[in-house]
Amino acid sequence: MKYHAIAIDGPSSSGKSTIAKIVAKKLNYLYVDTGAMYRAFTYACLKNKIDPKNEKESIKLIDKIEIDFNKENNVTLDGIDVSKEIREKEVNDNVSYISTYKDVRTHLIEAQRKIAYNHNVVMDGRDIGSYVLPFADVKIFQVAEVNERAKRRYKENLAKGIECSFEEILENLKKRDYIDSHREYSPLKRADDAITIDTTYMSIEEVSNNILKIIKEKGINI
Ligand code: DC
């Protein structure tokens with residue numbers, strides 16, 4: 001491949017996006033948040049009054065909308081920045097259903113591959129190393145214990161002024177972990193050649209330095 005790709009996969013709230021952004025900045029690569037694309041499609045369904053649990057109705061929308069990233073690297077739906085809307089509770093509660101649909105995955109995976117064929121990327125998601133970019137130069141599988149992930153998400157929400165209960169977050173994470181790793185098409189799975197990093201007891205700096213070291217050892221210029 002002409003361009004380099006770093007794949008960072010793992011369960012919800014394992015800190016992938018924080019780390020991927022740091023690594024992308026350090027390498028001067030494009031950061032691609034694939035979860036934001038599934039979220040944007042979920043938001044599109046809700047906006048069009050389609051029940052995201054209804055596969056037949058949801059997939060009808062896939063050829064009618066355009067999901068992309070703008071110059072600020074924020075996700076767009078038909079050219080409009082929806083980066084705030086995709087973090088709302090209704091999207092959180094429904095995105096796991098939407099991301100089980102084969103037609104949705106095929107469509108978004110094609111878009112993700114197109115970006116990677118034209119840029120150096122750090123791409124985060126669930127299936128990047130195992131399915132979307134099997135030839136990625138470096139594959140990281142980033143995990144953390146579910147209680148620690150819930151704690152992080154809870155703190156994040158409080159800082160953003162979002163009201164929530166810790167138990168609700170914990171339950172939502174467990175449910176999403178289950179759906180993400182048990183779906184039929186490209187589930188959350190560690191690629192055979194991925195390096196697992198357990199971030200439960202690590203700081204953000206430790207994780208990013210660790211990954212940058214792995215990238216350097218692969219002979220990629222930093
Ligand atoms: O990373 P995130 O929490 O923003 O992702 C939202 C949802 O999208 C997540 O529950 C699973 C799905 N997803 C996926 O199925 N495949 C990806 N490559 C990225 C996200």
Side-chain angles (χ1 to χ4, degrees), residues 5-21 24 30-46 52-53 55 58-59 62 67 69 73-75 77 82-116 121-134 136 139-144 146 149-150 152-154 156-157 160 162 164 168-191 194 199:
I6 314 295
I8 304 184
D9 290 300
S12 295
S13 298
S14 56
K16 300 181 301 291
S17 64
T18 306
I19 298 300
K21 274 182 209 159
L30 186 67
Y31 165 56
V32 187
D33 175 0
T34 61
M37 300 170 86
Y38 290 93
R39 286 171 178 272
F41 185 69
T42 307
Y43 175 69
C45 290
L46 294 167
K53 292 194 183 85
E55 177 169 6
S58 299
I59 62 173
I62 197 79
I67 292 169
F69 293 92
N73 213 13
N74 290 333
V75 71
L77 175 64
V82 289
S83 53
K84 280 206 180 77
E85 290 81 351
I86 62 162
R87 303 289 158 194
E88 283 168 5
K89 187 176 179 317
E90 231 190 330
V91 174
N92 265 345
D93 290 345
N94 286 290
V95 63
S96 275
Y97 302 108
I98 284 292
S99 43
T100 61
Y101 305 151
K102 187 178 182 223
D103 289 358
V104 174
R105 299 203 74 79
T106 306
H107 192 94
L108 295 182
I109 287 170
E110 197 183 304
Q112 291 155 15
R113 286 181 175 151
K114 210 163 152 191
I115 299 172
V121 293
V122 178
M123 193 175 275
D124 79 5
R126 304 292 188 286
D127 56 344
I128 310 306
S130 60
Y131 190 76
V132 181
L133 305 175
K139 298 179 187 179
I140 304 293
F141 197 68
Q142 192 171 314
V143 297
V146 71
R149 287 188 278 132
R152 290 177 190 171
R153 177 59 62 92
Y154 181 66
E156 221 175 83
N157 283 359
K160 283 184 197 157
I162 302 171
C164 58
E168 204 182 322
I169 292 178
L170 184 64
E171 280 321 301
N172 179 274
L173 280 182
K174 284 182 181 169
K175 189 171 137 200
R176 278 169 60 188
D177 282 357
Y178 185 86
I179 301 177
D180 290 351
S181 47
H182 287 81
R183 65 169 177 245
E184 191 178 353
Y185 306 106
S186 61
L188 165 65
K189 201 176 117 203
R190 179 189 169 280
T199 71

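The first residue in the sequence is number 1, and the count goes up from there. Just follow the structure's listing: the first ligand is 1, and inside any ligand the first atom is 1. For clarity, every value in this text was computed on a predicted model and none was experimentally measured.
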Is any N or O atom of Thr34, backbone or side chain, closer than 3.5 Å to an N or O atom of ligand 1?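 By distance alone, the answer is yes.
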Indicate yes or no: does an N/O atom of Arg39 lie under 3.5 Å from an N/O atom of ligand 1?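 Right, the criterion is met.
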Nearest non-hydrogen atom to atom 20 (C) of ligand 1 belongs to which of Ala7, Gly35, Ser181, Ser12?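 Among Ala7, Gly35, Ser181, Ser12, the closest heavy atom to atom 20 (C) of ligand 1 belongs to Gly35.
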Should one rank Arg105, Lys175, Arg126 by closest heavy-atom distance to atom 5 (O) of ligand 1, which comes out on top?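 It is Arg126 whose heavy atom sits nearest to atom 5 (O) of ligand 1.
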Do Arg126 and Ser181 get their side chains close enough for a donor-acceptor pair, meaning under 3.5 Å?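 Arg126 vs Ser181: no donor-acceptor pair found between side chains.
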Verify whether one side chain among Thr18 and Arg152 offers a donor that lies under 3.5 Å from an acceptor in the other.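 Absent: no donor and acceptor within the cut-off.
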Students should be able to answer this: which protein heavy-atom is nearest to [atom], and at what distance?
{"atom": "atom 7 (C) of ligand 1", "value": "Val95 CG2, 3.6 Å"}
{"atom": "atom 18 (N) of ligand 1", "value": "Asp127 OD1, 2.8 Å"}
{"atom": "atom 3 (O) of ligand 1", "value": "Arg176 NH2, 2.6 Å"}

Interfacing atoms of ligand 1 (cut-off 4.0 Å, heavy-atom, Ser99):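 It comes down to these atoms of ligand 1: 11 (C), 12 (C), 15 (O).
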Enumerate the atoms of ligand 1 whose separation from the nearest heavy atom of Ser96 is less than 4.0 angstrom.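 Result: 10 (O).
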Specify the closest pair of heavy atoms between Ile8 and Lys16, including all atoms of both residues, with the distance to one decimal.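 So the two residues come closest at O-CD, 3.9 Å.
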If I compare all heavy atoms of Ser99 with all of Tyr38, which pair ends up nearest, and what's the gap?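 Looking at all heavy atoms of both residues, the closest pair is CB-CD2, 3.6 Å.
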Kindly confirm or rule out a cation-pi arrangement of Arg105 over Phe41, judged by NZ or CZ under 6.0 Å from the six-membered ring centre and within 45° of its axis?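 No, Arg105 does not sit over the ring of Phe41.
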Non-hydrogen atoms of Arg183 versus ligand 1: any pair closer than 4.0 Å?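 Arg183: in contact with ligand 1 (<4.0 Å).
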Is atom CD of Glu156 surrounded by more than 12 heavy atoms (other residues, nucleotides or ligands) closer than 6.0 Å?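 Correct, the count exceeds 12.
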Picking from Val91, Ile98, Asp93, what satisfies side chain to side chain contact (heavy atoms under 4.5 Å, CB included) with Pro52?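 Checked Val91, Ile98, Asp93 against Pro52; only one passes side chain to side chain contact (heavy atoms under 4.5 Å, CB included): Ile98.
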